Amino acid sequence: MDEQLLIQEAEYKAVRSSGAGGQNVNKVSSKVELHFKLEDSQALSNEEKQLALKKLASRLTNSGELILQCDESRSQHKNKELVTRRFLTLVKESLIKPKVRKKTKTPRAAKLKRLREKKKLSEKKATRKDPLKE
């Protein structure tokens, strides 16, 4: 994964931010949207693309595009920085391969302990029975 190439492939759009902020909101496009087409990326290998597609499936649009947005700051440059950082961490996390689970056997001691507890409970309940009804 080449971070610089990923950043170059991402498309940025400046949009007017919503919410409170007075006249500044109406005049300045401070919100930044990042659009990234995962399948068309040259920065990722085919194996990495498949892994990322699988992990980010819920965050992709129907056309396979990842869209992130940031309007935390009133500065467009700061928002661009934040959304880029968020994008890179998201891609890095999606490329981590899950560990293969190793099946383990239940220890013999644990089985014996469970059976002893069952036996103890069974005897406790047996002593509660009315001897005349048997």
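Predicted model only: the values in this text are computed from it and were never measured. Only heavy atoms go into these numbers, but all of them, side chains included; no hydrogens, no water, no symmetry mates. Along the sequence shown, residues are numbered consecutively beginning with 1.
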Measure the shortest side-chain to side-chain distance between Val28 and Gln76 over non-hydrogen atoms and say whether it is less than 4.5 angstrom.
no
Quick one: closest heavy-atom pair of His35 and Ile67, and the distance?
ND1-CG1, 3.5 Å
For Lys124 and Thr127, work out which heavy atoms get closest and say how close.
O-OG1, 2.6 Å
Do Ser73 and Ser75 pair up side chain to side chain, a donor and an acceptor below 3.5 Å, judged on atom types alone?
no
Rounded to the nearest 0.5 Å, how far does CG of Leu44 lie from CG of Leu5?
8.5 Å
Gap separating the OG atom of Ser41 from the CG atom of Asp2, nearest 0.5 angstrom:
9.5 Å
Considering only heavy atoms from C-beta outward, does the side chain of Arg114 approach that of Thr106 to under 4.5 Å?
no
Could you please spell out the steps behind the side-chain contact (heavy atoms from CB on, under 4.5 Å) verdict for Arg101 and Lys103?
CA-CA 6 Å; Arg101 183 183 177 273; Lys103 291 184 181 177; 3.6 Å; yes
Would you say Val32 and Phe87 are hydrophobically clustered, going by side-chain heavy atoms of ILVMFWY under 4.5 Å?
yes
Would a distance-only check, ignoring hydrogens and angles, find a side-chain to backbone donor-acceptor pair under 3.5 Å from Glu9 to Gln42?
yes
Within this structure, what is the SG-CD distance for the pair Cys70 and Glu33, rounded to the nearest 0.5 Å?
11.0 Å
Could you pull out all residues at least two apart from Arg108 that satisfy side-chain contact (heavy atoms from CB on, under 4.5 Å)?
Leu112
Using a 4.5 Å cut-off on heavy atoms from C-beta on, say whether the side chain of Glu47 contacts that of Lys97.
yes
Does Lys55 have more than 12 heavy atoms from other residues, nucleotides or ligands lying within 6.0 Å of its NZ?
yes
When you group the ILVMFWY residues by side-chain heavy-atom contacts below 4.5 Å and let the links chain together, are Val83 and Leu88 in the same group?
yes
Any chance you could lay out the side-chain contact (heavy atoms from CB on, under 4.5 Å) test for Phe36 and Leu6, step after step, and finish with the verdict?
CA-CA 9 Å; Phe36 181 73; Leu6 272 176; 3.3 Å; yes
For Glu39, is there any backbone N or O sitting under 3.5 Å from a side-chain donor or acceptor partner on Lys49?
yes
Is it possible for you to say whether Leu82 and Val91 belong to one hydrophobic cluster, with membership spreading through side-chain heavy-atom contacts below 4.5 Å?
no
Return the CD to NZ distance between Glu65 and Lys37, rounded to the nearest 0.5 Å.
5.5 Å
Sort and list the pairs that fulfil side chain to side chain donor-acceptor pair (under 3.5 Å) and have at least one residue in residues 78-93, not counting sequence neighbours.
Glu3-Lys92, Tyr12-Thr84, Glu72-Arg86, Glu81-Arg85
Distance, nearest 0.5 Å, that separates CG of Leu38 from OG of Ser94
7.0 Å
